[in-house]
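In this text the structure is predicted, and so the values were computed from the model without any measurement. Below, chains carry the letters A, B, ... as their sequence lines are ordered, and counting in each starts from 1.
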Amino acid sequence: MLLQYVAFLLVQMTRPNPPQREAIRYIDGPLLVLAGAGSGKTRVIIEKIAYLIQQCDYSAKRITAVTFTNKAAQEMTQRVRANLGERAKGLRISTFHALGLNIIRAELEALNLKRGFSIFDAQDSMALLQDLALQERLGDSEVISTCQHLISQWKNDLLGPEQVSQLAENGVERQAAALYAKYERSLQAYNAVDFDDLISKPVRLLQTDATVRERWQNNIHYMLVDEYQDTNTSQYQLLQLITGSRAMFTVVGDDDQSIYSWRGARPENLDILQSDYPQLKAIKLEQNYRSTQTILGAANHLIANNPHSFEKRLWSELGLGESVHVERRADENDEIEYVVNEILDHRLRHKSELQDFAVLYRSNFQARLLEMRLQAEQLPYRISGGTSFFARNEIKDLMAYLRLLINPVDDGAMLRVINTPRRGIGAQTLETLATYAQSRDTGLLAACSEMGLTSLLEGKALHKVQQFGRWMEDRQRALQHEPVAAIKQLLSDIDYEDWLLQNSSSTATAERRWANVQFLISAIEKDVKAAGDAAEIEKIIAKLVLRDLLDRQENEEDFDRIQLLTLHAAKGLEFKHVYIIGFEEELLPHRNSVEPAAIEEERRLAYVGMTRAQQTLTLSYAARRKKYGEVVACEPSRFLEELPQQFIVWPAKTALSPEQNKARGEQTMGSLKALFD
DNA sequence: ATCCAACTAATTTTT
DNA sequence: TTAGTTGGAT
């Protein structure tokens with residue numbers, strides 16, 4: 001921790017290199033910074049913000065910097081604060097989605113939303129879609145998830161249901177288009193937006209309403225975008241609309257690190273920028289401060305196999321360093337054993353710390369063997385991934401209650417809440433309630449307390465429904481006064497802790513879940529205190545969904561762990577020693593990604609992984625591997641053949657043909673010789 | 001409403 | 001292989 005801080009200070013103290021300086025100081029118009037891996041792009045953004053405020057008279061509150069993840073936004077905020085202190089006050093550094101949320105909150109009426117609107121995450125919208133699909137009597141879950149994907153794509157491309165219904169070509173698309181229209185109507189009725197709406201709604205508003213557009217253009221005078229290659233169509237539109245004809249912005253990106261096209265990212269936004277802004281200035285950052293020349297050379301050679309619209313050549317001054325190792329092993333167990341032994345060996349010989357090692361892989365399942373092995377060896381590790389905080393059931397439950405309290409027409413939340421815990425309100429009763437609510441054009445919760453219901457339901461069912469309605473109304477009032485106390489009271493009213501105990505596989509899981517709930521409450525408590533106003537509760541809850549509360553307890557003592565990451569999760573990070581396992585056909589490139597365009601992204605994925613390494617890089621693959629319970633022979637990844645011959649230590653025996661084998665052997669000798677020349 | 005057996009599919013993941 | 005889902009039976 002301390003060491004990292006010292007290293008950080010050192011970097012800060014050295015002056016930026018000429019292209020970095022140029023990127024920091026160019027403020028005459030739109031600027032594209034093509035920042036290769038490890039070229040100090042975050043530094044450019046941070047120092048540019050400082051430059052804008054200190055040298056160019058930009059007011060901090062007129063500058064907005066956007067990133068894709070909370071983590072990146074947090075990190076940037078911290079570094080800017082360390083740099084500017086008080087002068088950073090009012091500066092907006094947030095994710096694209098948080099920026100969109102701010103716009104939506106400020107423009108509620110124009111967007112046809114009411115205060116306290118709900119934000120649906122992917123799970124919530126899936127639940128809604130399933131519900132709607134059920135009404136239509138269509139659909140296994142696979143079709144519905146395809147629909148969800150399509151709808152999300154359409155939204156990101158700013159296509160409404162009407163446009164889509166004309167475009168839809170095949171059966172699934174037509175189905176999805178029909179579902180899309182219903183979905184949008186439901187969201188509207190629920191006073192809710194989904195994650196994609198957080199961007200697309202502001203965009204559509206800014207496109208159509210000149211007054212609003214001008215307001216935001218006057219509000220934000222300069223925009224900076226990190227990881228620009230990951231933007232999708234609507235995010236790019238948002239940038240364009242906010243910066244308007246002044247076009248005062250800096251975007252920083254690297255086309256070679258675009259690995260999220262499957263999530264809607266449009267790396268071609270880099271090219272589009274040039275045609276949309278003829279005056280665009282482009283600056284390349286090509287000096288890499290992270291890796292040895294050998295590692296960089298190998299990565300460069302690989303990525304040169306992809307077409308490029310911006311040629312760039314990364315170089316390093318950090319010396320040749322060690323050769324890249326390619327290791328062939330008999331099977332997956334052998335591969336893991338090799339990696340773990342290497343790490344242990346290296347640690348002994350070089351006194352490295354465990355946190356200096358990262359093992360990267362394409363798919364999560366590859367980590368399982370590794371985990372088992374590390375557990376057996378009693379080596380501490382940290383693994384990426386896992387269910388995000390807000391996807392956990394106990395958190396979803398509590399959030400559904402909060403959503404319903406703040407937004408009583410959120411029927412999605414109502415459906416989750418009404419029988420959590422069991423209240424003995426069955427499907428039949430709910431059906432009646434829903435039909436009645438529909439006829440009265442109101443939400444499910446409001447319907448519970450309406451008099452008209454008495455003629456449709458009777459006895460126990462009626463009583464329970466009315467009881468629930470009354471109880472929720474009480475809770476609603478309480479929430480406005482003392483939000484945190486009200487939430488605690490709510491949980492004790494429903495005996496939630498008890499319910500968890502009964503619905504968890506073990507006491508331990510129940511305790512963990514309850515702790516998660518407590519954690520969420522304490523986070524809310526903190527925010528309420530910070531806001532200093534209980535009336536802000538609906539704003540606090542809305543922001544909460546966009547935040548990542550995953551409790552990464554990283555206290556000093558168990559900080560020293562081996563890092564286990566997917567190649568995707570490794571982006572933006574660096575490690576002294578990197579092992580990429582499963583460098584095989586079917587795995588990397590993944591078996592589902594063999595069309596030319598997909599291969600290019602897989603290649604970038606390999607490139608991203610390789611460029612994480614500072615000092616040593618090892619690529620391993622297995623000759624045989626158990627797949628789905630069957631042992632199959634594996635081919636080394638085609639990407640291995642795309643590496644330079646120099647500076648790589650190839651395995652003694654490969655699974656290639658004898659001739660290739662021989663060539664490889666000679667290559668090995670050649671590169672070894674070259675190394676020592 | 002709940003449980004169990006049979007069946008099936010098998011990347012990457014943030015907001 | 002295994003995890004997650006579905007549908008049938010209780």
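Here the side chain of A/Thr611 pairs a donor or acceptor atom with the backbone of A/Tyr607 at under 3.5 angstrom.
The side chain of A/Tyr628 lies closest to B/dA10, out of B/dT11, B/dT13, B/dA10. For A/Ser363, taking side-chain heavy atoms from C-beta onward, the closest of the listed nucleotides B/dT14, B/dT13, B/dT12 is B/dT12. In this structure, the nucleotide among B/dT15, B/dT13, B/dT11 sitting nearest to the side chain of A/His590 is B/dT11.
A/Phe68 comes within contact range of the sugar-phosphate backbone alone, with a heavy-atom separation under 4.0 Å but no base atom that close. A/Asn70 comes within 4.0 angstrom of the backbone, heavy atoms only, and of no base. Residue contacts shown for A/Asp230 are absent, as no nucleic acid heavy atom lies under 4.0 Å away.
Rounding to whole angstrom units, CE of residue A/Met372 and C1' of C/dT1 are separated by 12 Å. Computed from coordinates, the A/Leu546 CG to B/dT14 C1' distance equals 11 Å when rounded to whole Å. In this structure, A/Lys543 places its NZ atom 15 Å from P of B/dT15, rounding to the nearest Å.
Place A/Ala569 and A/Ile425 on DNA chain B by their nearest nucleotides, and A/Ile425 ends up nearer the 5' end.
Within residues 259-266 of chain A, the residues approaching DNA chain B are A/Trp262, A/Arg263, by heavy-atom distance under 4.0 Å.
C/dG4 sits 16 Å from B/dT13 when the P atoms are compared, rounded to a whole Å. Nucleotides B/dT11 and C/dT6 have their C1' atoms positioned 24 Å apart, rounded to a whole Å.
Dense packing is recorded around NZ of A/Lys627, with more than 12 heavy atoms of other residues, nucleotides or ligands lying under 6.0 Å away. Other residues, nucleotides and ligands contribute at most 12 non-hydrogen atoms within 6.0 Å of the CD atom of A/Glu431.
The pair A/Lys543-A/Asp527 fails the salt-bridge criterion, with no side-chain N (NZ, NE, NH1 or NH2) lying under 4.0 Å from an Asp/Glu carboxylate O. Between A/Glu602 and A/Arg362, at least one side-chain N (NZ, or NE/NH1/NH2) sits under 4.0 Å from a carboxylate O, which counts as a salt bridge.
Residue A/Ser593 has no polar side-chain atom (N or O) positioned under 4.0 Å from OP1 or OP2 of B/dT12. Between A/Asn364 and B/dT13 there is a side-chain N or O to OP1 or OP2 distance below 4.0 Å.
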In sequence, state the C-alpha distance, the side-chain angles, and the governing distance for A/His97 and A/Phe68, and then conclude on ring pair (Phe, Tyr, Trp, His ring centres under 6.0 Å). CA-CA 8 Å; A/His97 294 263; A/Phe68 279 84; 8.1 Å; no
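The cationic atom of A/Arg368 (NZ for Lys, CZ for Arg) does not lie both less than 6.0 Å from the six-membered ring centre of A/Phe365 and within 45° of the ring axis.
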